[in-house]
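All chains are named by letter (A, B, ...) in the order of the sequence lines, taking the proteins before the strands, and each is independently numbered beginning at 1.
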Number of protein chains: 2
Amino acid sequence: MRPTVHDIAERAGVSLATVDRVLNDRPGVRGVTRAKVEGAIAELGYVRDVAAANLAKSRVYPLAFILPEGDNPFMRGLEDEVRRAGVHSMVERTQLSVVTVPAFDGRALAREIDGAIERAVAGIAAVAVDAPEVLAAIGRAREAGIPFVTLVSDLANSGRDHFIGVDNIAAGRTAGSLMGRFLGERPGPVAVLAGSMRVRDHGERLEGFLAAMSAMPVSRAILPVLEGQDDPELSFGLIAKCLADVPDLAGIYSLGAGNRGLVKALAAAGAARNLCVIAHEVTDETRAALEGGLVDAVLNQDAGHEVRSAIRVLRAKADGLPVIAAQERIRLEIFIKDNLPSEPGADDTPGAAGN
Amino acid sequence: MRPTVHDIAERAGVSLATVDRVLNDRPGVRGVTRAKVEGAIAELGYVRDVAAANLAKSRVYPLAFILPEGDNPFMRGLEDEVRRAGVHSMVERTQLSVVTVPAFDGRALAREIDGAIERAVAGIAAVAVDAPEVLAAIGRAREAGIPFVTLVSDLANSGRDHFIGVDNIAAGRTAGSLMGRFLGERPGPVAVLAGSMRVRDHGERLEGFLAAMSAMPVSRAILPVLEGQDDPELSFGLIAKCLADVPDLAGIYSLGAGNRGLVKALAAAGAARNLCVIAHEVTDETRAALEGGLVDAVLNQDAGHEVRSAIRVLRAKADGLPVIAAQERIRLEIFIKDNLPSEPGADDTPGAAGN
DNA sequence: CTGTTAGCGCATTCAC
DNA sequence: GTGAATGCGCTAACAG
């Protein structure tokens, strides 16, 4: 049997309450007493039973997720994952709420952050927009002692506690590397479809992509970036025009969320245009395109992992516990037709302890 | 506040004990009473607090992991992950033990399985070897009511409760697909290095690989499979000879654990031989080879995920709970130089619930 | 068949 | 400063 607070109390010759004070380093313990208790803790190799502790606390942690609204499938997937996590969340004494705000709207995001602060949540996770209002709001959250994590798109200089998402520069490099290898000696320029260069993650992906492409043995022209605002119509138009204008186009890298328009344009062009296409995020559209051969590879960040990581990090911060960085790193997944997981399907489900 | 057993008891007009009996469907409850309780449970939308339940049970689950011994880096990594999980295991009231047996030795494995049965463990996870003794031993475990999962390599007809590992046919297909695309029009045959065709996973990978290669637009010769018994020396010799004998060799698929020998041979051959090389499992060697450009892609199954999944499944079976299949699916990861995670690094850490 | 009682390991009043 | 008592949500004897 592993040691409990009782064992410590006995061994140190004090009461439970005192042991508890030392464990949670609360005031009201003499130095000598504290030392005795700490000695006992060390000798017995005590580790707190988190489950029991939480049970006793019966504290509940309301966490707020703020996501961009609209039909961006990845974001909707993230939202689904939050709700899914919500089902199991009571087990972990967390209470998840999701609010959506207009995409790319710094002011709206800031407003929601303030709203969450108002509601005295125990933590906030948000997809950051690069705007001064957001920086200020995050600052207010921090002043209020509310842990804040950025999700998917970071805002490093905001003082957020943690960023949960992939290394987007590496993601771009990976895309460039795969594109280069898949194309081989085949000639022709490559097009890049982005949402908006005003979002960090898109900019970083582009940066990595360009670096990897230029490091390839075969040098290749990269056409000016097409900004589709992650809008299906707009993206469709841009890609369709590009396909028409550039007959020898060899490949397309879609680094944003404009995949519905992209796929539509590709389908319209037909199989005659044998392009190498790489996109981001596994969604219904990209999955179908991958299976249908319209897209060659999809880079993905697992929304489920991200949500659960956000919850863990937020709870850890709320409890003043350390975050195991290695454990919270979100991997960049590569999918091709052959390793695509069959269903939407969830993933690990640590709750208390974890996969 | 979410409903508790007390609420159910009150609502159904019965005592806690009766509620508990219904919840854990134990005998000794009249049909009518049971119905009343179940009604209350449904109306209240009750969900059991697993943490509290485990606390009350204070039952401990000794789980046995049986792994092949030797210097197979992947297996040693698996072992590390079990030990790592062991640290957090007390939290989950599981007690992990690892024993190693000679690789490919069915009799030894069977003996250890019997040993675990003897020790009355609550569950067994083992890397299956395809031998009649093993089948029989698994049968005895099942008769003893001990849950059994196969790890990494399956034995579907054994009656094991669950298989935890990747779809190896899909893995082979993925390798073939990548190999085909990376090589493009480039001529030359491809070699395959396996451990032994007597192991299921190796056989399945080969099958998938051949299928994918033959589906490629460019048809390409596949040399007879080299069986290196996952032994560094032997593998080195086979690959070195192959490199010498086949001057126009275009690629190598290493589907087993003979990567140390493979890499050594590749290094010896020098950069002059510009081959496309695809291997399995991220280990120190394959990681270095990937970074050094000797290997182009590495397919991986996350040992940490597998171990945690095994623990979850075994515990669920031990408690007679259902297993959420989708959640326990192990993904096949693709790594190239650009998306290789920086460090060994763990992963999710569900304990109770999950990443 | 059903109810009472006593913990599991910990946190938290409220006295001393 | 320190200790005793109570309860979190659930399970498990042991009585009826």
Problem - Phosphate contact (dC8(D) OP1 or OP2) by Ser58(A) side-chain N/O below 4.0 Å - result: no
Problem - The single option from Glu81(A), Arg84(A), Arg83(A) passing side-chain contact (heavy atoms from CB on, under 4.5 Å) against Val307(A) - result: Glu81(A)
Exercise for the section: Could you tell me which non-hydrogen atom of Gln301(A) sits nearest to which non-hydrogen atom of Val152(A), and how far apart they are? Expected result: NE2-CG1, 3.8 Å
Problem - Atom pair distance, as rounded to whole Å: CZ in Arg59(B) and P in dT11(D) - result: 13 Å
Fill in the blank from the handout: Closest non-hydrogen contact found for Leu135(B) with Leu155(B) is CD1-CD2, 3.4 Å
Exercise for the section: Rounding to 10 degrees, work out the angle separating the end axes of the helix from dC1(C)-dG16(D) to dC16(C)-dG1(D) (five pairs an end). Expected result: 40°
Handout entry: With Glu328(B), the salt bridge (Lys or Arg N to Asp or Glu O under 4.0 Å) member among Arg312(B), Lys317(B), Arg315(B)
Key = Arg312(B)
Problem - Distance test, side-chain N/O of Thr18(B) to OP1/OP2 of dG3(C), below 4.0 Å - result: yes
Problem - Leu55(A) CG - dT11(D) C1' separation (whole Å) - result: 13 Å
Exercise for the section: Please state how far atom NZ in Lys36(B) lies from atom C1' in dC1(C), giving the value in whole angstrom units. Expected result: 12 Å
Exercise for the section: Tell me whether the OP1 or OP2 atom of dT2(C) has a side-chain N or O from Thr33(B) closer than 4.0 Å. Expected result: yes
Practice task
May I ask you to decide if Val47(A)'s main-chain N or O and Arg2(A)'s side chain share a donor-acceptor pair within less than 3.5 Å?
Solution key: yes
Problem - Side-chain donor/acceptor of Asp161(A) to backbone N/O of Val149(A), under 3.5 Å - result: no
Problem - Side-chain donor or acceptor of Asn24(A) paired with backbone N/O of Arg26(A) under 3.5 Å - result: no
Practice task
To the nearest Å, give me how far apart CG (Asp25(B)) and C1' (dT11(D)) are.
Solution key: 15 Å
Practice task
Would you confirm whether Asp7(B), through its side chain, and Thr4(B), through its main-chain N or O, come within 3.5 Å as a donor-acceptor pair?
Solution key: yes
N/O to N/O distances under 3.5 Å, protein versus nucleotides 10-13 of chain C:
{"residue": "dC10(C)", "atom": "OP1", "partner": "Tyr46(A)", "partner atom": "OH", "Å": "2.3"}
{"residue": "dC10(C)", "atom": "OP1", "partner": "Asp49(A)", "partner atom": "N", "Å": "3.1"}
{"residue": "dC10(C)", "atom": "OP2", "partner": "Val5(A)", "partner atom": "N", "Å": "2.7"}
{"residue": "dA11(C)", "atom": "OP1", "partner": "Arg48(A)", "partner atom": "NE", "Å": "3.1"}
{"residue": "dA11(C)", "atom": "OP1", "partner": "Arg48(A)", "partner atom": "NH2", "Å": "3.3"}
{"residue": "dA11(C)", "atom": "OP2", "partner": "Asp20(A)", "partner atom": "OD1", "Å": "2.7"}
{"residue": "dA11(C)", "atom": "O5'", "partner": "Asp20(A)", "partner atom": "OD1", "Å": "3.4"}
{"residue": "dT12(C)", "atom": "OP2", "partner": "Arg26(A)", "partner atom": "NH1", "Å": "3.2"}

Practice task
Could you check whether Val19(B) gets within reach of a base, just the sugar-phosphate, or nothing at all, counting any heavy atom under 4.0 Å?
Solution key: nothing
Exercise for the section: Measure from CG on Leu44(B) to P on dC10(D) and round the result to the nearest Å. Expected result: 11 Å
Exercise for the section: For the residue pair Phe65(A) and Ile311(A), establish whether any side-chain heavy-atom pair is separated by less than 4.5 Å. Expected result: yes
